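Worksheet: the structure to be examined is printed underneath.
Here the structure is a predicted model, which means the values were calculated and not measured. So you know, we letter chains A, B, ... as the sequences are listed, proteins then strands, and number each from 1.
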Amino acid sequence: MLTIKLLREDKERVIQKLKIKNFDAETIINKIIEIDEAKRTVQNKLEQSLSELNNISKQVGILFKDGKVEEANKAKEKTVELKNETKDLNSELNKLDSDLNNLIVQLPNLPNELVPIGKGAEDNEIIKTGGKIPELLESNSLPHWDLAKKYDIIDFELGNKITGAGFPVYKGKGAKLQRALISYFLDRAIENGYDEVMPPLLVNEASGFGTGQLPDKEGQMYHAGIDNFYLIPTAEVPVTNIFRDEIVQAEDFPIKKTAYTPCFRREAGSYGKDVRGLNRLHQFDKVEIVHISHPEVSYKALDEMVNHVENLVKELELPYRILRLCGGDMSFTSALTYDFEVFSAAQKKWLEVSSVSNFEEFQANRLKLRFKEKGDKKTKLAHTLNGSALALPRIVAALLENNQTPDGIKIPKILVPYTGFEYIN
RNA sequence: GGAGAAAUGGCAGAGUGGUCGAAUGCGGCGGUCUUGAAAACCGUUAGGUGUAACAGCCUCGGGGGUUCGAAUCCCUCUUUCUCCGCCA
């Protein structure tokens, strides 16, 4: 969430910036400022009363100690009124505080100045295209769901039986390919300085709030009701929350973590479109990279992450393009996002396989993730970033479709040491 | 799942109603000494909020309560440990 300080000091700029995200913030912000002022007045009064009360209590203590019982009892009487006053002020403060919070969490993050204006996916800016789109022979242009069946490597019907739509069963070389991709992605991340972690796949409410999934996107996560846990939609949630309520030292930057996890998404409201095969699943595997960065260099970190992801798609020999998301297509929490898409040759479609974002201090403010500069007394909010490196299903879709040959599906060179086979046939 | 014990600063560990946001030790930082280092000695060292800077306020696992006053008493939740049961 945005800091109240920013809203106090730079309200007009915030309103202008949020227009790029197609968000009209004026009414909310005016209301916020109004409540904030009221809150500070009440807080002031409350603290004065508390101060007085603390003083009297101290006096009473001393008087009793000196045996001046009568004076002590007299002093006690004075507290009755004050106590009532603090009680009222306190409940007033709590009310204002929660009103303020409810409003401020509704404001999305400010977009970076590079973010193009636009309404939706069609307005995203293609900033780079790479790789070569393969020309498929007519006899070899099956979509991946047919290939999956032909080679018996992914069984969608079986997943239907066990769980439901969107929970495929990977079999034989299909399963091995998953494992190979996960190992390859993790190894590359570790080579680039990321520490591997294996976090819980269920998180509590506070974690969901910290990274911005709650309260808004509640319906997108699976919920284990009895214990009030949420199944993670991405490793971003547990990994970033490692640092919730932490104060790190500036010299510890950059903090880089990577994690493989399954991801669970309800995908409510997205039925019917682009959901065939591996294109959209309820459970999928992903390797995530997370950066906790000094604010001054967070955009350098973002570039570094984009490079890292680009390397992966290059090594996998997939045709790809990099998009800079426009204001209308960006997530609530992001300040700048690059999406990676690979071309899946039989479907003749670009598929999103990675999203790399800088959240600046938006998540950090929710997480209370701060850092301290050497010699400084005050703490500042860190910047958080994350990106998929990479999400598996659509990579697999493109690999299957693009690499189909009369001899079977050719595994890219980089993966062969991991799969132990060169062809799926 | 049952029974019991516990949760205090970076760590260890005192504190069971009154100038306690908290002894002491270790660690950290600064200094004296030293060619340098170690040792020794001296000083300093929780977080948040707030302020121009002070002050003030909040925080002893979380929340609530009793009291003029709570780290200390009561309720509740969470977590950890020990024993029993079950179990990959």
Within this structure, what is the [atom1]-to-[atom2] distance between [X] and [N], rounded to whole angstrom?
X        : N     : atom1 : atom2 : value
A:Ile4   : B:U49 : CD1   : P     : 14 Å
A:Glu52  : B:A55 : CD    : C1'   : 15 Å
A:Gln43  : B:G50 : CD    : P     : 8 Å
A:Lys58  : B:C20 : NZ    : P     : 8 Å
A:Ile56  : B:U19 : CD1   : P     : 17 Å
A:Lys372 : B:C29 : NZ    : P     : 15 Å
A:Lys380 : B:G47 : NZ    : P     : 15 Å
A:Glu77  : B:G69 : CD    : C1'   : 16 Å

Regarding [X] and [Y], do their side chains bring together a donor and an acceptor under 3.5 Å, going by distance alone?
X        : Y        : value
A:Glu373 : A:His294 : yes
A:Tyr184 : A:Glu315 : yes
A:Ser334 : A:Ser331 : no

Counter-base of [N], judged by Watson-Crick or G-U geometry with both distances under 3.5 Å:
N     : answer
B:G9  : none
B:A40 : B:U32
B:G21 : none
B:A3  : B:U82
B:G27 : B:U45

Got A:Thr419 and A:Leu177 here, is their nearest side-chain heavy-atom distance under 4.5 Å?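 In short, these two side chains touch, coming nearer than 4.5 Å.
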With a non-hydrogen cut-off below 4.0 angstrom, is [X] in contact with a base, only sugar-phosphate, or nothing?
X        : value
A:Ile247 : sugar-phosphate
A:Arg40  : nothing
A:Asn54  : sugar-phosphate
A:Leu50  : sugar-phosphate

Taking the same atom, [atom1], in [N] and in [M], what whole-Å distance lies between them?
N     : M     : atom1 : value
B:G9  : B:U24 : C1'   : 13 Å
B:G61 : B:A70 : P     : 15 Å
B:G10 : B:G47 : P     : 7 Å
B:A46 : B:C11 : C1'   : 13 Å
B:C54 : B:U49 : P     : 14 Å
B:U8  : B:U72 : P     : 14 Å
B:G1  : B:G56 : P     : 48 Å
B:G85 : B:G15 : C1'   : 38 Å

Ignoring backbone atoms, establish whether A:Thr379 has a side-chain N or O less than 4.0 Å from OP1 or OP2 of B:G48. yes
Nearest-nucleotide comparison on RNA chain B, the residue closer to the 5′ end among A:Leu53 and A:Gln48: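 The residue whose closest nucleotide sits nearer the 5' end is A:Gln48.
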Closer to the 5' end of RNA chain B via nearest nucleotide, is it A:Val60 or A:Glu47?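 It is A:Glu47 whose nearest nucleotide is closer to the 5' end.
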side-chain contact (heavy atoms from CB on, under 4.5 Å) assessment of A:Val203 paired with A:Asn241: CA-CA 9 Å; A:Val203 294; A:Asn241 271 283; over 6 Å; no
Identify the two heavy atoms, one from A:Ser298 and one from A:Ser293, that lie closest to each other, and give their separation to 0.1 Å.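 So the minimum-distance heavy-atom pair works out to CA-OG, 3.3 Å.
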Shortest non-hydrogen contact between A:Glu236 and A:Thr211, atoms and distance: O-CG2, 3.9 Å
At less than 3.5 Å, do the side-chain atoms of A:Lys378 and the base atoms of B:G50 form a donor-acceptor pair? yes
